[in-house]
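Start at 1 with the first residue, then count along the sequence.
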Amino acid sequence: MNQPTPGQQPVPVLALGDVLLVSLQGELHDGMAEQLQHDITSRVATSRVTGVVIDISGVEIVDSFLGRVLAEIASTARLLAARTVLAGMRPAVAITLVELGLTLPGLVTALDVDRAMELLSRGGS
């Protein structure tokens, strides 16, 4: 299991009813991204979670590795009967993802966390 680099705290995964809320802030190193993927998958598998909201409004850069990890989180959650919504994507991040050719399959997007929660509560994706 990968551990955060010294000085870094693991990314908190908060339960809000049947939804997990993850708020990413700053740069997320590869080991942290892999640990986050493991943490979310474990929580979805062992609880009654029906949705995951990943807030990336505090992230300046999404590289191809983080993009792949986010898509894998969504795919795994979907196999475990939970939907994933990516919230708060900055325009520059969206442009970078398009330029990298990343489509993030399985990820529904919302402008902010409130809209992501609405999407999940409506059952829309």
Side-chain angles (χ1 to χ4, degrees):
M1 183 180 315
N2 292 314
Q3 296 298 317
T5 56
Q8 275 194 317
Q9 298 296 318
V11 177
V13 179
L14 307 173
L16 300 174
D18 61 353
V19 174
L20 295 180
L21 174 61
V22 181
S23 183
L24 304 181
Q25 300 295 320
E27 188 177 352
L28 194 66
H29 299 286
D30 292 357
M32 292 283 295
E34 289 175 340
Q35 183 62 47
L36 177 65
Q37 181 177 7
H38 178 268
D39 292 347
I40 291 173
T41 301
S42 295
R43 292 280 296 274
V44 171
T46 60
S47 63
R48 297 177 183 258
V49 170
T50 60
V52 178
V53 174
I54 303 173
D55 176 16
I56 63 167
S57 60
V59 175
E60 304 254 347
I61 298 170
V62 174
D63 62 12
S64 59
F65 181 79
L66 182 55
R68 181 176 60 82
V69 168
L70 293 171
E72 287 176 3
I73 289 170
S75 294
T76 304
R78 189 171 49 252
L79 289 172
L80 296 170
R83 291 171 298 142
T84 303
V85 180
L86 192 65
M89 185 179 301
R90 296 173 183 222
V93 170
I95 290 167
T96 301
L97 291 174
V98 169
E99 288 173 349
L100 290 172
L102 296 176
T103 57
L104 305 180
L107 273 170
V108 176
T109 59
L111 291 176
D112 56 37
V113 171
D114 289 338
R115 292 179 185 172
M117 297 297 280
E118 284 176 27
L119 272 174
L120 290 174
S121 68
R122 284 199 319 250
S125 45

Student: Can you list the steps and then say if Thr84 with Ile40 is a side-chain contact (heavy atoms from CB on, under 4.5 Å)?
Tutor: CA-CA 11 Å; Thr84 303; Ile40 291 173; over 6 Å; no

Student: From Met89 CE over to Ile56 CD1, what is the distance, rounded to the nearest 0.5 angstrom?
Tutor: 4.0 Å

Student: Step by step, work out the side-chain contact (heavy atoms from CB on, under 4.5 Å) result for Val22 and Val11.
Tutor: CA-CA 7 Å; Val22 181; Val11 177; 3.6 Å; yes

Student: Nearest heavy-atom pair of Ala82 and Val44: which atoms, and what distance?
Tutor: CB-CG1, 4.0 Å

Student: What distance separates Glu34 CD from Phe65 CZ, expressed to the nearest 0.5 Å?
Tutor: 4.0 Å

Student: Do you know which two heavy atoms are closest between Arg43 and Ala15, and how far apart they sit?
Tutor: NH2-CB, 3.5 Å

Student: How many angstroms lie between CD in Gln35 and CG in Leu28, if you round to the nearest 0.5 Å?
Tutor: 11.0 Å

Student: So, for Thr96 and Val62, which heavy atoms are closest and what is the spacing to 0.1 Å?
Tutor: CG2-O, 4.1 Å

Student: Please lay out, stage by stage, how Arg83 and Leu119 fare under the test side-chain contact (heavy atoms from CB on, under 4.5 Å).
Tutor: CA-CA 10 Å; Arg83 291 171 298 142; Leu119 272 174; over 6 Å; no

Student: First locate atom CG of Leu97, then atom CG of Leu66, and finally report the distance between them rounded to the nearest 0.5 Å.
Tutor: 8.5 Å

Student: Rounded to the nearest 0.5 Å, what separates atom OG in Ser75 from atom CG in Leu104?
Tutor: 10.0 Å

Student: So does Ile61 have more than 12 non-hydrogen atoms from other groups sitting under 6.0 Å from CD1?
Tutor: no

